[in-house]
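The chains referred to below are lettered A, B, ... by the order of the sequence lines, with proteins before strands, and numbering in each begins at 1. Computed from heavy atoms alone, side chains included, the values below leave out hydrogens, waters and symmetry copies.
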Number of protein chains: 2
Amino acid sequence: MSKCEQCIVREFSSLKALNKDELIKLSDCKTSKIIKKGENIFEEGENVNGIFCIKDGVCKLTKLSPNGKDHIVKLVSKGELLGQRSMISDEPANLSAVALEDMQVCFIPKNEILGFFDKNNQFSMNVMKTICGDLKSADEHMVNMAQKSVKERLAETLVYLHETFGTNTDSTLKIQLSRDELASMIGTATESCIRLLSDFNKLGLIELVGKKIVLKDINKLKKIAD
Amino acid sequence: MSKCEQCIVREFSSLKALNKDELIKLSDCKTSKIIKKGENIFEEGENVNGIFCIKDGVCKLTKLSPNGKDHIVKLVSKGELLGQRSMISDEPANLSAVALEDMQVCFIPKNEILGFFDKNNQFSMNVMKTICGDLKSADEHMVNMAQKSVKERLAETLVYLHETFGTNTDSTLKIQLSRDELASMIGTATESCIRLLSDFNKLGLIELVGKKIVLKDINKLKKIAD
DNA sequence: TAAAAACAATGATATTTATCATATAAATGT
DNA sequence: ACATTTATATGATAAATATCATTGTTTTTA
């Protein structure tokens with residue numbers, strides 16, 4: 001089993017505050033998993049009892065709305081942690097985590113993490129700052145949902161996907177969401193999302209290469225997004 | 001100056017974890033303020049440098065959206081704390097806090113709070129749980145904004161105001177928002193909000209008493225809200 | 001107390017968005 | 001390789017929502 005010391009997650013997440021001893025303890029208690037595209041890491045309402053380190057891949061965090069549709073709240077990728085909020089609140093997961101590509105994750109039991117929490121101040125501070133960052137962006141996101149049009153939200157989301165996940169060599173967006181997923185990220189009907197993509201395509205703002213998307217005029221998209 | 005020991009905020013907030021000595025330190029460093037209806041406690045972008053205890057009154061937390069409209073993210077009232085996220089993130093305020101009624105608040109400087117943070121584990125845990133709760137409800141709120149209709153959001157908000165803030169003796173909602181504020185809470189145009197209130201009135205779900213609102217059929221409103 | 005300002009209400013209309021229907025293209029299973 | 005399912009696309013239409021205009025009603029201020 002691989003050591004945690006060189007792991008990308010340790011490098012980029014709250015775990016960077018852990019010392020050698022703590023990392024060894026971590027290596028001993030962790031379990032690794034492969035999650036295939038489309039599979040759940042955990043589901044809304046489930047007792048998670050620990051946190052997940054994402055060693056590779058990207059997943060979506062979704063929440064079921066009362067009308068039965070899933071809404072994508074956030075995308076989380078390589079190097080990040082999952083399940084911190086549930087662990088601290090000592091509550092079941094509020095969101096489901098579903099792999100958008102094949103993933104490699106490690107699971108660390110709650111007890112272990114809570115131990116670090118008590119003894120390593122920098123670590124708990126890091127976790128708190130992460131959650132505070134999540135809260136800030138959730139508030140911003142909420143205002144966007146409430147105040148912006150679907151067109152603005154689509155433009156904004158395309159730019160976000162471009163800037164956060166980058167592009168392939170053919171300059172298509174690296175992260176590949178279905179139209180349905182894109183719609184559930186911006187909070188609209190799938191057909192409306194497809195129609196707006198067509199519009200953007202006709203306006204030369206983007207190009208549709210099969211199911212993939214190329215951003216042709218990021219500045220104009222940013223302008224539309226506000 | 002009044003002591004913190006008997007303060008309502010201490011009783012209901014994270015501060016309940018503080019011991020006698022810590023409360024005495026708190027009493028010594030705090031400053032009290034009266035905030036009149038409509039005045040800011042702090043403004044988006046401002047460096048807050050501490051937290052506020054709400055001894056009395058209710059305020060709205062608003063965020064300016066790029067289109068120039070304010071969106072009400074949350075209402076915060078007597079017994080709660082303000083500014084925890086900014087303090088932990090060590091960032092300027094992400095939201096503005098504006099009094100909806102005359103308020104009594106105390107300000108506690110950051111240094112003092114961070115001191116408790118280091119030494120009193122229960123206190124920092126309480127703060128974290130509060131922020132985690134905020135994150136959870138922000139995510140839920142976001143999904144509501146994205147997936148529910150304006151009518152559903154209005155019904156939900158009216159029930160929320162009723163259940164959270166209660167009613168006056170004439171059974172009008174105790175917390176009094178203008179139509180404009182109500183609209184900016186549910187994320188719609190003021191006229192749309194007014195129109196839907198008229199509809200609800202005609203359907204006998206609510207009664208409009210001047211600018212005040214009485215909920216006549218909470219169960220039906222809950223059904224509409226989903 | 002009168003004038004001005006802010007707020008609430010409603011009609012008319014335009015725009016945005018959702019829904020339903022259908023067609024085509026791509027992916028999947030056998 | 002072909003049938004079946006799933007995803008994308010687009011038209012037609014309905015429903016939801018925003019915008020602009022106008023009026024009446026409070027509230028504030030001079």
Side-chain angles (χ1 to χ4, degrees), chain A residues 36-38 65-71 100-101 144-158 172-173 176-203 206-214 224-226, chain B residues 36-39 65-71 98 100-101 144-158 172-173 176-203 206-214 224-226:
Chain A
K36 290 253 174 75
K37 179 175 174 172
S65 92
N67 66 24
K69 277 194 215 162
D70 261 330
H71 182 80
L100 288 174
E101 17 181 279
N144 280 344
M145 288 295 165
Q147 305 277 355
K148 287 189 177 176
S149 68
V150 174
K151 189 192 286 181
E152 289 167 338
R153 268 139 56 197
L154 176 60
E156 182 176 43
T157 301
L158 290 173
T172 55
L173 290 181
Q176 213 188 317
L177 299 171
S178 67
R179 304 293 189 258
D180 194 54
E181 285 170 324
L182 194 52
S184 105
M185 218 177 148
I186 65 182
T188 190
T190 309
E191 297 96 319
S192 301
C193 174
I194 290 174
R195 241 179 270 277
L196 285 171
L197 285 173
S198 287
D199 292 351
F200 284 179
N201 188 14
K202 277 167 202 153
L203 291 169
I206 65 174
E207 195 187 328
L208 298 176
V209 183
K211 304 188 172 184
K212 296 186 177 181
I213 300 171
V214 181
I224 290 173
D226 253 345
Chain B
K36 289 254 176 74
K37 179 176 175 171
E39 287 178 358
S65 92
N67 66 24
K69 277 193 215 163
D70 262 331
H71 182 81
V98 184
L100 289 174
E101 19 182 277
N144 280 344
M145 287 297 165
Q147 306 277 356
K148 287 189 179 178
S149 68
V150 175
K151 189 191 286 182
E152 289 167 338
R153 268 139 58 199
L154 176 59
E156 182 176 42
T157 301
L158 290 174
T172 56
L173 290 180
Q176 214 188 317
L177 300 171
S178 68
R179 302 294 189 257
D180 194 53
E181 285 170 323
L182 194 51
S184 106
M185 215 175 150
I186 65 182
T188 191
T190 308
E191 298 94 322
S192 301
C193 175
I194 289 175
R195 243 179 268 278
L196 284 172
L197 285 173
S198 287
D199 292 350
F200 283 179
N201 188 13
K202 278 167 202 154
L203 291 169
I206 64 173
E207 195 187 328
L208 299 174
V209 183
K211 304 189 172 183
K212 297 188 177 179
I213 300 171
V214 181
I224 290 173
D226 253 346

Note to self: Just the rounded figure in Å: distance from C1' of C:dC7 to CG of B:L208.
What the structure shows: 14 Å
Item checked: Residues A:I213, A:T172; criterion side chain to side chain contact (heavy atoms under 4.5 Å, CB included); working and verdict -> CA-CA 5 Å; A:I213 300 171; A:T172 55; over 6 Å; no
Checklist line | Any pair counted as side chain to side chain donor-acceptor pair (under 3.5 Å), so long as it reaches residues 192-203 of chain A, sequence neighbours left out | finding: none
Next item on the list: With sequence neighbours excluded, tell me which residues meet salt bridge (Lys or Arg N to Asp or Glu O under 4.0 Å) with B:E101.
Entry: none
Next item on the list: Answer yes if the side chains of A:S65 and A:N67 hold a donor-acceptor pair under 3.5 Å, and no otherwise.
Entry: yes
Notebook entry, point to check: Bend across the helix from C:dT1-D:dA30 to C:dT30-D:dA1, to 10°, with axes taken over 5 pairs at each end?
Noted result: 50°
Check: Taking only residues two or more places apart in sequence or in another chain, which ones pass salt bridge (Lys or Arg N to Asp or Glu O under 4.0 Å) with B:E191?
Finding: none
Notebook entry, point to check: Can you list the residues that meet the side chain to side chain donor-acceptor pair (under 3.5 Å) rule with B:E207, with sequence neighbours excluded?
Noted result: B:K216
Notebook entry, point to check: How does protein contact run along nucleotides 23-30 of chain C, one letter per nucleotide 5' to 3', with B for base contact, S for sugar-phosphate only, - for none, heavy atoms under 4.0 Å?
Noted result: ----S---
Check: Listed in order of residue number, which residues of residues 148-156 of chain A have a non-hydrogen atom at under 4.0 Å from DNA chain D?
Finding: none
Item checked: A:S184 to A:H71 - nearest heavy-atom pair and separation -> O-ND1, 3.0 Å
Next item on the list: Output all residues satisfying side chain to side chain donor-acceptor pair (under 3.5 Å) with A:D226, sequence neighbours left out; order by chain, then residue number.
Entry: none
Checklist line | B:R179 side chain to B:C193 backbone, donor-acceptor under 3.5 Å | finding: no
Item checked: Contacts of type salt bridge (Lys or Arg N to Asp or Glu O under 4.0 Å), residue A:K151, not counting sequence neighbours -> none
Checklist line | Nucleic acid contacts - residues 187-200 of chain A versus DNA chain D, non-hydrogen atoms under 4.0 Å | finding: A:E191, A:I194, A:R195, A:S198
Notebook entry, point to check: Nucleotide range of DNA chain D contacted by chain B, 5' to 3', under 4.0 Å to a heavy atom?
Noted result: D:dT17 to D:dT27
Check: For A:E152, which residues count as a salt bridge (Lys or Arg N to Asp or Glu O under 4.0 Å) partner, sequence neighbours excluded?
Finding: none
